[in-house]
Amino acid sequence: MALSQFQEWYAGRHEYQKNWKKRTNQKIVGYFCTYTPEEIYYAFEVLPVRILGSHELEDLTESHISPMFCPLCRDILAQGLSGKYDYLDGITFGQSCLHLQQAFTSWEIHQNPGWSHYLPMPNHVQSPRAIPFLKQEYGLLIKKLELLTGRTITDADLERGICIMNEVRQTMKQIYAFRKQENPPITGAQSMVMICSAFFTDAREWLPAAKQAIAELEARPLETGVFERDTGKRLLLVGSENDDMAFIEMVENLGETGAVGATIVVEEHCATTRYFWDETQEGTRDPLTAIAERYCARTPCPSKDWPKRRRMDKIVEFAREFKCDGALVIRQKFCDPHEADMPFVKKALEEAGIPTCFLEFDVVTPVGAFSIRVEEFLETLETEYDFFD
Amino acid sequence: MGKYPTEPLKCWKKAKELRNRFYQNYALAGEKGGLRWMGSAWAFDAVPSGLGDDVFCISGESYGAACAFDRPLSKKFLEAARNFGFSRDLCAHMRNYWGSLLADESAFGGKFVKPDFGWSQHICCSHAKWYQNAAQMKGEVPIFVVDVGVGAYPPFEPKMYPHRIKYVADQLLDGIEWLKTTTGREFDDERFINAAWNDLRSTHKWAQICMLNRAKPAPLDEKSLYSFYVFGTLQKSNSEFADFYDELYDEVKDRVDRGIAAVHNERFRVMSDIGSPWGFSDIYRHMAEQGVVSIGSLYTFGLEGMWLYDAQTHDLLPRPLPDSKPRTREECCTLLADWHLSKPMYQNFYHPDNKTKMMDAIARRWDTDGIVLHYNRGCRGLCMGIAETRLGLIERGHRVVAYEGNMGDENEFDQAATRKRMDIFMEGLGCKIN
C-alpha cells in the first residue's frame with residue numbers, strides 16, 4: 001500500500017534526507033515555518049525540508065530558550081542541538097512567531113551549517129504594500145541562494161518550482177476530498193503522516209506515491225471506509241501546529257474501547273491545511289510576484305491575521321464542508337498568537353453550531369488524561385438516543 | 001552619610017504635572033469634541049497629530065503598567081481577561097488592558113473609555129492582536145496597524161535596504177488616508193511634520209540624558225529613569241514632553257557637574273535588561289541601601305531613546321538628529337520609518353546577539369560591575385533570546401544574575417526569593433548585606 005510509504009518517510013526522515021543528498025549531490029536547507037517559499041528552493045534544485053520536533057523529552061534547550069516559549073520551538077531546537085540534522089547545508093526562517101524565531105537563532109548560534117537566511121515575511125499581509133516588499137525580500141533570498149548553490153535561476157526555474165509545489169497542494173486537496181465522504185477511506189492519522197512526509201521528502205518523489213495512494217483510496221469500497229471501522233464523530237482539529245501522532249491515533253482509536261468513536265476529518269493548522277490549501281498562480285509574467293501573492297493571501301497564522309480576521313471564515317467553512325460534529329481546539333502551551341485568537345475561534349465555531357473542546361499541548365502529550373477529556377467530549381456530542389442505543 | 005551628596009530632582013513636580021495633564025486631556029477629550037485613540041507605546045504617534053491638537057492617546061503598555069501597579073485592581077482585571085478565555089501567559093500589560101475593558105473600569109477611575117480608533121504598530125506576536133481584540137470586545141473600533149518587522153538596522157544587517165524603509169513609510173502614508181476617512185477630518189501636514197520632529201527631538205534627547213549616567217556617581221538611578229522614560233512611551237511626539245526632556249537634560253547635566261548622586265553611597269554599579277515587576281520596584285530601593293545603583297538598562301535607554309550601535313568602537317551612542325526637518329508628508333514618513341527602525345529594542349527581535357552586543361557595550365561604557373536579567377513571563381517580545389543573551393554576557397566576562405518574574409502579574413513573581421537572589425548577587429559583588 002502506498003500509505004505505508006509515507007509512514008516509512010515520516011519515521012525515517014533523516015535516513016531519507018541523507019540518502020537524497022548522497023544520490024543527488026544537491027543541497028538541503030531546513031526551514032522552521034511554512035512561510036518559507038519552497039518554490040524558490042525548488043527553482044534552485046535545493047531541497048527544502050521542514051524541521052519538526054520529535055515529541056520526546058529533552059534537556060538540551062533549557063539554557064537557550066526561556067521556559068515561557070512554546071514546546072514546539074524547544075523541541076525543534078533540541079533536534080539541532082542533538083546533531084540530528086548535521087547533514088543540512090543551511091537553515092532558514094520565514095518570519096512568523098517569536099517562538100520559532102528563537103529556535104532558528106539559537107540553532108544559528110550553536111549549530112550553524114554555514115548558510116542561514118532570515119526572511120522578514122511581512123506581518124501586515126493584508127496591506128497592498130506587503131507584496132512588493134516581499135518580492136524584494138525574495139530577491140535578497142535569491143542572491144543568498146546563488147551563493148549557496150553557485151548557480152543562477154530564471155523565471156522558467158521559478159515556474160517549475162511553482163508547478164512542483166502546486167502539484168503537492170492539489171494532490172493533498174484530492175486526499176482531503178476523500179475525507180469529506182460519509183465513511184472516509186483514510187483516517188486523520190494517515191492523512192497527517194502523508195502531509196508530514198511531504199515536508200521531509202523531495203516533492204518529485206512524494207508525488208508518485210501520493211498519486212498511487214489516491215488510486216488505492218478510489219478503489220476502496222465507500223460503505224466500509226478504512227479497516228471497516230466506524231467513522232464515529234467527525235472532528236475538526238484547529239489551532240497551533242500539531243503533528244503529535246500519538247494524540248491523533250488516540251482520538252481515532254477511542255471507538256475501539258469507548259462508547260463513541262471519532263475520526264479527524266479535517267484540520268486547520270500549519271502542519272496541514274494552512275500549509276498547502278492555497279496555490280500559487282501559474283503562468284504569470286512575474287512568477288516572483290505570484291509567489292509573494294500566494295504567501296500573503298494564504299490562510300494566515302494568527303500572528304498575521306489582522307486587522308480583519310480572515311482565518312475564522314476558513315475554520316467555519318472547513319467545519320461545514322467536512323460535516324464536522326465537533327472541534328478539538330488545540331494550542332501549544334505558551335503559543336501567544338493562538339492564545340490571542342482562542343476565545344474568538346471558540347465563539348465562531350460555537351455560533352456555527354460546532355461544539356468545541358480545548359486541549360493544551362506540550363512536547364509530550366498526556367495521552368491518558370487527554371483520552372478521558374476527548375471521550376467525554378465525544379459523549380456530549382451524542383444524542384441521548386444514540387448514547388443508550 | 002554616604003560618599004556623595006544627593007538631592008531631589010527639581011523637575012520632579014513638573015513631571016508629575018505633565019503626566020496628570022496628559023491623562024486628563026485624554027479623559028476629557030470626548031466632552032470637548034476631541035478624538036481619542038488606543039495603540040502601542042511604539043506606535044508612530046506623530047501621525048494622528050496631523051488630525052488636530054485635540055487628538056489624545058493612552059498607550060496600551062503604559063496603561064497596563066498603571067493597572068499592574070495597583071495590585072488589587074490588577075488582580076480583578078487579570079481575572080476578567082482569564083474569564084473571557086485568554087490564557088494567563090499572554091502579555092501581562094495586554095491582559096490588564098483587556099481586563100479593564102471587560103470590567104468596564106478605568107485604572108484612573110470611572111468607566112473604560114471607548115477610543116475613537118486604534119493606531120498601532122506590530123513587531124511582536126501580540127501588538128496587532130491586542131487592538132484587534134480590544135476593538136472587537138469594545139464594539140467595532142476601527143484600527144490601523146503598521147508592520148515594522150522588516151529586519152535589523154545596520155550594523156546588525158549589512159545595510160538598510162531602501163525597500164524596507166519604503167514598506168513602512170508607505171504603510172504610514174496609507175495610514176494617513178485611513179485616518180482621514182475614519183475620522184472625517186482633514187490632515188494637516190505641517191502639524192504632522194512638527195509632531196514628527198518632536199518625536200525625533202525627544203527620543204534623541206532621552207538618549208543624551210542616559211549618556212549622562214556614565215558619570216560616577218550616577219546622577220539618576222533606574223527607578224528615576226522609569227519615571228522619566230515614560231514620556232516617550234506616552235507620546236514621544238508631544239511638544240511639551242520634548243521640551244521637558246531638554247529641561248531634564250540640563251538639570252541632570254548640572255548634577256553631573258556638581259557630583260550629585262542618585263545613590264549617595266554608590267559603591268557598585270549594575271544594569272538590567274528590561275523593566276521590573278511594576279508592583280515591586282522597591283527592589284531598587286533595597287539595592288540602593290546596599291550601595292548598589294542600577295544605572296539603567298537597554299530597556300530604559302532604548303525602548304524609546306534612539307541610539308546607534310558602533311561596531312568599530314563597540315559603543316552605543318545617541319543617534320544624531322537629521323540636519324533639517326522634513327518638508328513634505330512623504331519625506332516625513334520616510335524619515336520616521338528610518339528613525340524608528342533603528343530603535344535598539346527592535347534589534348532584539350531579530351537576533352539575541354544584537355542585544356548581547358548592545359548590553360555588553362552599555363556594561364563597559366557605563367562601567368558596571370554586574371548585570372541583572374529579568375526573565376519576564378509577562379513580555380515575550382522583550383524576553384526574546386534572553387537565555388542566549390545571558391550566555392553571551394557571561395562569555396564576555398560579566399557577572400550575571402537572572403530572576404523570573406512578570407512585569408504585570410503579581411502571581412508570577414516571588415518577591416522573597418528574588419530579594420534573596422539579589423542579596424547573594426550583591427554579596428558576590430562585594431556588598432555586605434544589611
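Chain letters run A, B, ... following the sequence lines, proteins first and then strands; every chain starts at 1. As a basis for the values below, the full set of heavy atoms in this structure was taken, side chains included, without hydrogen atoms, waters or symmetry mates. Fair warning: this is a prediction, and the values are worked out from it, not measured in the lab.
Here Gly385(B) is the residue among Gly385(B), Gly151(B), Gly392(B) with the most heavy-atom pairs under 4.5 Å with chain A. In terms of heavy-atom pairs under 4.5 Å with chain A, the best-connected choice from Ile123(B), Val145(B), Ile386(B) is Val145(B). By number of non-hydrogen pairs under 4.5 angstrom with chain B, the leading residue of Ile109(A), Leu98(A), Ile65(A) is Leu98(A).
Contact record, Pro120(A) with Gly149(B): CB-O, 3.7 Å, taken as the closest heavy-atom pair. Cys383(B) approaches Phe69(A) most closely through the heavy-atom pair O-CE1, 4.0 Å.
Side-chain contact between Phe86(B) and Pro343(A) is present, with at least one heavy-atom pair separated by less than 4.5 Å.
Both the backbone and the side chain of Leu90(B) have a heavy atom closer than 4.5 Å to some heavy atom of chain A. In this structure, the portion of Leu140(A) lying under 4.5 Å from any heavy atom of chain B is its side chain and not its backbone. There is no contact between Phe104(A) and chain B, counting heavy-atom distances below 4.5 Å. In this structure, no portion of Pro132(A) lies under 4.5 Å from any heavy atom of chain B.
Every residue meeting the side chain to side chain contact (heavy atoms under 4.5 Å, CB included) condition with Val401(B), not counting sequence neighbours, appears here in chain and number order: Val372(B), Arg421(B), Met422(B), Phe425(B). In this structure, the side chain to side chain contact (heavy atoms under 4.5 Å, CB included) partners of Ala80(B), at least two apart in sequence or on a different chain, are Leu102(B). In this view, Cys357(A) and Leu328(A), Leu359(A), Phe377(A) satisfy the side chain to side chain contact (heavy atoms under 4.5 Å, CB included) rule, not counting sequence neighbours.
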Pull every donor-acceptor pair under 3.5 angstrom between chain B and chain A and give the atom names with distances.
residue	atom	partner	partner atom	Å
Ser87(B)	OG	Glu339(A)	OE2	3.2
Lys129(B)	NZ	Pro302(A)	O	3.0
Lys129(B)	NZ	Asp305(A)	O	3.3
Lys129(B)	NZ	Asp341(A)	OD1	3.0
Gln132(B)	OE1	Arg309(A)	NH1	3.4
Gln132(B)	NE2	Asp305(A)	O	2.9
Gln132(B)	NE2	Pro307(A)	O	3.1
Asn133(B)	OD1	Arg309(A)	NH2	2.4
Asn133(B)	ND2	Ala340(A)	O	2.8
Gln136(B)	OE1	Arg309(A)	NE	2.7
Gln136(B)	OE1	Arg309(A)	NH2	3.1
Val145(B)	O	His124(A)	ND1	3.2
Asp147(B)	OD1	Asn123(A)	ND2	3.0
Asp147(B)	OD2	Asn123(A)	N	2.6
Asp147(B)	OD2	His124(A)	N	3.2
Gly149(B)	O	Gln95(A)	NE2	2.8
His163(B)	NE2	Glu137(A)	OE2	2.6
Arg164(B)	NE	Glu137(A)	OE2	2.7
Arg164(B)	NH2	Glu137(A)	OE1	3.0
Arg164(B)	NH2	Glu137(A)	OE2	3.3
Gln171(B)	OE1	His124(A)	ND1	2.8
Asp174(B)	OD1	Arg129(A)	NE	3.4
Asp174(B)	OD1	Arg129(A)	NH2	2.7
Asp174(B)	OD2	Arg129(A)	NE	2.8
Phe349(B)	O	Gln101(A)	NE2	2.1
His351(B)	NE2	Glu108(A)	OE1	2.6
Arg380(B)	NE	Met68(A)	O	2.8
Arg380(B)	NH1	Asp336(A)	OD2	3.3
Arg380(B)	NH2	Met68(A)	O	3.3
Arg380(B)	NH2	Phe334(A)	O	3.3
Gly385(B)	N	Gln102(A)	OE1	2.5
Glu388(B)	OE1	His110(A)	NE2	2.8
Glu388(B)	OE2	His64(A)	ND1	3.0
Glu388(B)	OE2	Ser106(A)	OG	2.6
Glu388(B)	OE2	His110(A)	NE2	3.0

